[in-house]
Amino acid sequence: MTKLNYNYKLNYYRPYFLGFLILPLFGFAQLTFTKSEAGIHIKDGEESVLFYQKQTKSINGEFSRKNYIHPIHGLDGSVLTEDFPADHPHHRGVFWAWHQIFIGNTKLGDSWECRDFSWNISDIGCSEDGDILKLMAATYWQSPLWLDQEGNQKPFLLENTTISIYPRKINYRIIGFEISLLALEKNLKIGGSDDEKGYGGFSVRMKIPEDVQFTSNKGKVVPENNAVEAGKWMNIFGSLTNKEISSGIAILSHQDSPGDKANWILREKESMQNCVYPGRKPVFVSTKDPTILKYSLLIYEGTMTAQDIQTIYKELK
């Protein structure tokens, strides 16, 4: 995705959003994408894979959000994620967000809680890369707490995100995320929650079965109130879609992502699963060299051993 100058007209939309289109990927007929005003729907043959939310959603004007994925579907078509859950209505499917956002000492909005923060998606589209479908979005971060001389919200960060949907294998699918953050203002910092948990960054609000289990390359993991140091990937599994068949979602933090990739906020009920970045202490985002975060979701049916997941992890680009 080309990096756009922040003066780019933010209410510009490409003509294909004015209609309802279903476009096959040439060279791989199974993967298709449907574009609408609401967002982009990805299918593999007749089965839904995911939906990217482009249009703002809220509950009676509260918790307004966009630029996230919901739903994500299991291989059997079941919905795996949740949006506007009653316990944490600001949680939404697969999302990446932070509590602490500063320019100098000025605290801006909270993208985690969808408070005093807005996402202006200026450009979006899909393309093919071999048999992989790539969804690309350029999004400006804004806040009513950061205005220009005319009193308009002034973009302070440009996010370029690429979501790569891989064709289904026999019992699994990989969905990759590359999130590039480029500051448009000097001294911009982002950080997790300002407490001992320090949660923030790439998160999955998934449906959690009663028999949920957590494992990493270090073995079984037991969730705690604070972050758990547990390795660079986390396997979350149980009867996600069928009480008789195990299935799971493994969250993988790529080797070349910044920060300590071994810290996780994990929950056995009524919350999200979070690969913590950067933690409680905010870090600077450059105006020249973007911060690039890379993650993948491994969605599977049946059993995935630690060796299976580790093999896939090593092959990630």
Side-chain angles (χ1 to χ4, degrees), residues 1 13-57 65-84 92-96 119 121 123-139 160-179 202-207 236-237 240-242 245 247-252 295-302 304 312 316-317:
M1 176 66 64
Y13 299 102
R14 293 189 182 279
Y16 53 56
F17 280 112
L18 300 179
F20 182 77
L21 304 177
I22 300 179
L23 304 174
L25 279 182
F26 298 107
F28 192 77
Q30 285 293 99
L31 286 170
T32 59
F33 54 98
T34 304
K35 298 178 179 180
S36 67
E37 288 288 345
I40 296 181
H41 181 203
I42 307 297
K43 296 180 70 175
D44 191 345
E46 296 301 316
E47 297 291 339
S48 291
V49 177
L50 61 81
F51 187 84
Y52 171 82
Q53 187 65 40
K54 169 184 169 287
Q55 194 172 58
T56 300
K57 291 179 70 176
R65 80 285 290 276
K66 55 184 171 180
N67 187 40
Y68 65 99
I69 300 293
H70 174 77
I72 276 188
H73 296 266
L75 299 186
D76 65 352
S78 301
V79 173
L80 300 179
T81 52
E82 297 178 315
D83 200 8
F84 296 103
R92 63 269 192 192
V94 179
F95 65 105
W96 41 99
W119 298 260
I121 301 171
D123 201 6
I124 188 170
C126 288
S127 67
E128 63 172 336
D129 182 2
D131 58 359
I132 302 168
L133 188 160
K134 291 193 173 184
L135 188 161
M136 296 163 286
T139 304
N160 280 316
T161 292
T162 300
I163 302 169
S164 300
I165 301 94
Y166 290 75
R168 173 179 174 164
K169 302 297 184 181
I170 294 175
N171 71 324
Y172 71 89
R173 180 192 306 283
I174 295 174
I175 301 173
F177 295 79
E178 180 173 308
I179 303 158
F202 188 80
S203 306
V204 180
R205 176 64 199 232
M206 58 185 286
K207 296 181 178 180
I236 307 161
F237 63 98
L240 270 63
T241 63
N242 188 319
I245 302 175
S247 58
I249 300 176
I251 306 171
L252 306 104
Y295 307 92
S296 287
L297 298 181
L298 172 62
I299 299 168
Y300 67 90
E301 286 183 345
M304 274 278 179
I312 293 172
L316 292 174
K317 296 180 180 179

As a quick check of understanding, evaluate side chain to side chain contact (heavy atoms under 4.5 Å, CB included) for Ile42 and Thr32, giving each step before the final call.
CA-CA 6 Å; Ile42 307 297; Thr32 59; over 6 Å; no
Closest non-hydrogen atom pair between [X] and [Y], with its separation:
{"X": "Leu31", "Y": "Ile165", "value": "CD1-O, 3.8 Å"}
{"X": "Tyr166", "Y": "Gly176", "value": "CE1-N, 4.4 Å"}
{"X": "Met136", "Y": "Cys126", "value": "CE-C, 4.5 Å"}
{"X": "Val204", "Y": "Leu297", "value": "CG2-CD2, 4.0 Å"}
{"X": "Ser296", "Y": "Leu316", "value": "OG-CD2, 3.8 Å"}
{"X": "Trp96", "Y": "Val94", "value": "CZ3-O, 3.7 Å"}

Which residues pass the side chain to side chain donor-acceptor pair (under 3.5 Å) test with Ser48, sequence neighbours left out?
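Scan of Ser48 (side chain to side chain donor-acceptor pair (under 3.5 Å), adjacent residues dropped) gives His41.
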Holding to side chain to side chain donor-acceptor pair (under 3.5 Å), I want the full list of residues that pass it with Tyr295, two or more places apart in sequence or in another chain.
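With sequence neighbours excluded, Tyr295 shows a side chain to side chain donor-acceptor pair (under 3.5 Å) to no residue whatsoever.
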Apply salt bridge (Lys or Arg N to Asp or Glu O under 4.0 Å) to residues Arg168 and Asp44 and explain how you reach the verdict.
CA-CA 8 Å; Arg168 173 179 174 164; Asp44 191 345; over 6 Å; no
For residues 67-77, tabulate all N or O donor-acceptor pairs below 3.5 Å that involve a side-chain atom, not counting sequence neighbours.
| residue | atom | partner | partner atom | Å |
| --- | --- | --- | --- | --- |
| Asn67 | OD1 | Tyr52 | OH | 2.8 |
| Asn67 | ND2 | Glu159 | OE1 | 3.4 |
| Asn67 | ND2 | Glu159 | OE2 | 3.0 |
| Tyr68 | OH | Asp83 | OD2 | 2.7 |
| His70 | ND1 | Thr81 | OG1 | 2.8 |
| His73 | ND1 | Gly77 | O | 2.9 |
| Asp76 | OD1 | Ser78 | N | 3.0 |
| Asp76 | OD1 | Ser78 | OG | 3.0 |
| Asp76 | OD2 | Ser78 | OG | 3.1 |
| Asp76 | OD2 | Thr241 | OG1 | 3.3 |

Using a 4.5 Å cut-off on heavy atoms from C-beta on, say whether the side chain of Lys57 contacts that of Phe84.
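The answer is yes; the side chains approach within 4.5 Å.
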Is the closest side-chain heavy-atom distance between Ser164 and Thr162 below 4.5 Å?
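Counting from C-beta outward, Ser164 and Thr162 do come under 4.5 Å.
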[atom1]-[atom2] distance between [X] and [Y], expressed to the nearest 0.5 angstrom:
{"X": "Leu135", "Y": "Ser127", "atom1": "CG", "atom2": "OG", "answer": "9.0 Å"}
{"X": "Ile121", "Y": "Lys66", "atom1": "CD1", "atom2": "NZ", "answer": "5.0 Å"}
{"X": "Leu80", "Y": "Ser247", "atom1": "CG", "atom2": "OG", "answer": "7.0 Å"}

Could you go through Thr161 and Thr139, starting from their C-alpha distance and side-chain angles, then the distance that decides it, and tell me whether this counts as side chain to side chain contact (heavy atoms under 4.5 Å, CB included)?
CA-CA 8 Å; Thr161 292; Thr139 304; over 6 Å; no
Begin from the C-alpha positions of Tyr172 and Met304 and carry the test side chain to side chain contact (heavy atoms under 4.5 Å, CB included) through to its verdict.
CA-CA 9 Å; Tyr172 71 89; Met304 274 278 179; 3.5 Å; yes
Could you walk me through whether Lys207 and Glu82 pass salt bridge (Lys or Arg N to Asp or Glu O under 4.0 Å), step by step?
CA-CA 6 Å; Lys207 296 181 178 180; Glu82 297 178 315; over 6 Å; no
Chi angles and distances behind the side chain to side chain contact (heavy atoms under 4.5 Å, CB included) call for Gln53, Trp119:
CA-CA 11 Å; Gln53 187 65 40; Trp119 298 260; over 6 Å; no
